[in-house]
S.K.: 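The structure under discussion is supplied below as structure tokens; questions concerning it will follow.
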Amino acid sequence: MEAKVVVDTVAPADRYIAKLYRSAFAVTPDEYRGWALRELGQVIPNDGGIWGSGSASRRRFHTCTVNGVPDSYPAALEATSEINPILPRMLQNLDVPVDMRDVIPDCEFFKSKIYKQVFGPHGISRILSTVHLDQRSGLYSLISLYRKDRDNPFSDQDRALQQRITYHLYSAASHNFFLQLAKDRARPVDSAAAVVDQEGSFHQ
């Protein structure tokens with residue numbers, strides 16, 4: 001009997017998306033976003049990232065998870081939102097990945113205030129970001145990936161992958177909340193539960 005060679009034809013992005021949903025029951029909500037960001041590096045190589053949700057009008061995060069950057073990074077990003085050129089472009093193009101190079105040329109970016117105050121001190125040279133609006137909560141969510149090497153910009157393929165995967169990140173995170181609520185045996189069967197953030201905004 002001849003041995004058969006089995007070729008794995010599942011694309012890394014498909015495998016990652018499936019893992020997001022399969023792991024939604026096993027990973028706690030407190031850990032889910034950080035875990036998902038770390039796993040995403042196997043599909044879109046990066047040196048760090050941020051996943052935050054909050055109010056666009058107030059320019060601040062209600063919840064935020066970082067990977068590869070310090071916990072103080074979101075506050076620095078919030079404090080400089082008025083001079084961040086990528087933010088208005090993302091808000092005008094929801095669910096579409098925006099590369100900082102689409103907004104401002106390198107010759108200007110690496111001399112800009114936002115680079116000198118936020119991105120440069122954290123070693124960030126390349127930025128690929130997507131903003132999504134949750135119609136139920138009215139909150140905007142941001143997912144940004146970063147690279148340190150100026151000579152390694154995000155490619156068109158990276159952009160296409162982020163656009164496809166971002167939807168599943170939000171959907172799987174919502175699924176994670178729902179499953180964790182559903183398995184809470186301590187609640188009376190006739191009770192209801194919801195997930196709200198520290199600002200009191202509804203999530204699930």
Side-chain angles (χ1 to χ4, degrees), residues 5-24 27 31-53 56 61 64-69 73-74 77 81 84-112 114-115 118-120 122-134 140-176:
V5 177
V6 178
V7 179
D8 184 0
T9 59
V10 179
D14 293 327
R15 190 178 295 108
Y16 172 72
I17 290 168
K19 191 174 184 179
L20 286 176
Y21 293 104
R22 287 201 312 266
S23 302
V27 183
E31 300 172 339
Y32 191 82
R33 286 187 175 194
W35 168 82
L37 280 177
R38 292 190 297 273
E39 293 289 321
L40 181 54
Q42 299 179 25
V43 183
I44 307 176
N46 63 82
D47 298 306
I50 183 172
W51 182 348
S53 299
F61 297 116
C64 195
T65 299
V66 295
N67 176 50
V69 291
Y73 176 76
L77 204 58
S81 62
N84 191 341
I86 200 172
L87 184 56
R89 179 71 66 90
M90 291 188 297
L91 292 173
Q92 293 167 6
N93 297 273
L94 297 177
D95 299 310
V96 177
V98 178
D99 191 309
M100 184 64 87
R101 294 180 303 155
D102 299 333
V103 181
I104 180 172
D106 284 354
C107 59
E108 295 180 25
F109 173 61
F110 292 119
K111 296 178 181 178
S112 66
I114 188 70
Y115 177 76
V118 181
F119 300 124
H122 292 93
I124 296 169
S125 296
R126 299 302 176 190
I127 304 163
L128 186 64
S129 303
T130 304
V131 166
H132 169 76
L133 173 62
D134 187 324
Y140 289 84
S141 289
L142 165 73
I143 291 180
S144 288
L145 299 180
Y146 304 125
R147 286 179 180 165
K148 295 181 178 181
D149 186 356
R150 293 189 187 189
D151 296 325
N152 185 26
F154 289 99
S155 65
D156 289 341
Q157 182 181 8
D158 295 328
R159 187 194 305 259
L161 284 170
Q162 192 186 76
Q163 180 157 11
R164 181 184 175 205
I165 287 171
T166 298
Y167 166 82
H168 293 285
L169 283 169
Y170 299 133
S171 180
S174 177
H175 187 55
N176 170 258

S.K.: Taking atom CG of Asp99 and atom CD1 of Ile104, what is their separation to the nearest 0.5 Å?
M.R.: 12.0 Å
S.K.: Anything under 30° is parallel, anything over 60° is perpendicular, the rest tilted; go ahead and classify Phe109 against Phe119.
M.R.: tilted
S.K.: Sequence neighbours excluded and cut-off under 3.5 Å, please list the side-chain donor-acceptor pairs for residues 123-132, or say none.
M.R.:
unit_1: Ser125; atom_1: OG; unit_2: Lys148; atom_2: O; d: 2.9
unit_1: Arg126; atom_1: NE; unit_2: Arg150; atom_2: O; d: 3.0
unit_1: Arg126; atom_1: NH1; unit_2: Asp106; atom_2: OD1; d: 2.9
unit_1: Arg126; atom_1: NH1; unit_2: Asp106; atom_2: OD2; d: 3.1
unit_1: Arg126; atom_1: NH2; unit_2: Asp106; atom_2: OD2; d: 2.9
unit_1: Arg126; atom_1: NH2; unit_2: Arg150; atom_2: O; d: 2.7
unit_1: Ser129; atom_1: OG; unit_2: Ser144; atom_2: OG; d: 2.4
unit_1: Thr130; atom_1: OG1; unit_2: Gln162; atom_2: OE1; d: 2.6
unit_1: His132; atom_1: ND1; unit_2: Asp95; atom_2: OD1; d: 2.8

S.K.: According to ring pair (Phe, Tyr, Trp, His ring centres under 6.0 Å), who are the partners of Tyr167, at least two apart in sequence or on a separate chain?
M.R.: none
S.K.: State, yes or no, whether a side-chain contact exists between Met100 and Pro85 at a heavy-atom distance under 4.5 Å.
M.R.: yes
S.K.: For Ile86 versus Val98, what's the shortest heavy-atom pair and its separation?
M.R.: CD1-O, 3.6 Å
S.K.: Does any part of the side chain of Arg89, heavy atoms only, come nearer than 4.5 Å to the side chain of Val96, both counted from C-beta?
M.R.: no
S.K.: Drop me the distance from Trp51's CH2 to Phe61's CZ, to the nearest 0.5 angstrom.
M.R.: 13.0 Å
S.K.: For Ser81 and Asn84, does a side-chain donor sit closer than 3.5 Å to a side-chain acceptor?
M.R.: no
S.K.: So, for Pro12 and Val43, which heavy atoms are closest and what is the spacing to 0.1 Å?
M.R.: O-CG2, 3.8 Å
S.K.: I'd like to know if the side chain of Tyr170 and the backbone of Leu133 have a donor-acceptor N/O pair within less than 3.5 Å.
M.R.: no
S.K.: Evaluate the side-chain proximity of Asp134 to Ser141: yes if any heavy-atom separation is below 4.5 Å, no if none is.
M.R.: no
S.K.: How long is the straight-line distance from CG of Leu142 back to CG of Leu87, given to the nearest 0.5 Å?
M.R.: 8.0 Å
S.K.: Residues in side chain to side chain contact (heavy atoms under 4.5 Å, CB included) with Lys19, at least two apart?
M.R.: Arg22, Ser23, Trp35, Glu39
S.K.: How close do Ala13 and Ile165 get, heavy atom to heavy atom, and via which atoms?
M.R.: CB-CD1, 4.3 Å
S.K.: Return the CG to CZ distance between Asn46 and Phe154, rounded to the nearest 0.5 Å.
M.R.: 6.0 Å
S.K.: State, to 0.1 Å, how close Leu161 and Ile44 come at their nearest heavy-atom pair, and which atoms those are.
M.R.: CB-CD1, 3.9 Å
S.K.: Without hydrogens or angle criteria, can the side chains of Arg33 and Ser53 be said to hold a donor-acceptor pair below 3.5 Å?
M.R.: yes
S.K.: If you take all heavy atoms of Leu169 and Ile143, which pair is closest and at what distance?
M.R.: CD1-CD1, 3.4 Å
S.K.: Taking Arg147's backbone N and O only, do any of them form a donor-acceptor pair with Asp149's side chain (distance below 3.5 Å, no angle check)?
M.R.: no
S.K.: Considering all heavy atoms of both residues, which atom of Gly49 and which atom of Val69 are nearest to each other, and what is their separation?
M.R.: O-CG2, 4.1 Å
S.K.: Is any side-chain heavy atom of Tyr32 closer than 4.5 Å to a side-chain heavy atom of Thr65?
M.R.: no
S.K.: Hey, are the side chains of Leu77 and Pro74 touching, using non-hydrogen atoms and a 4.5 Å cut-off?
M.R.: no
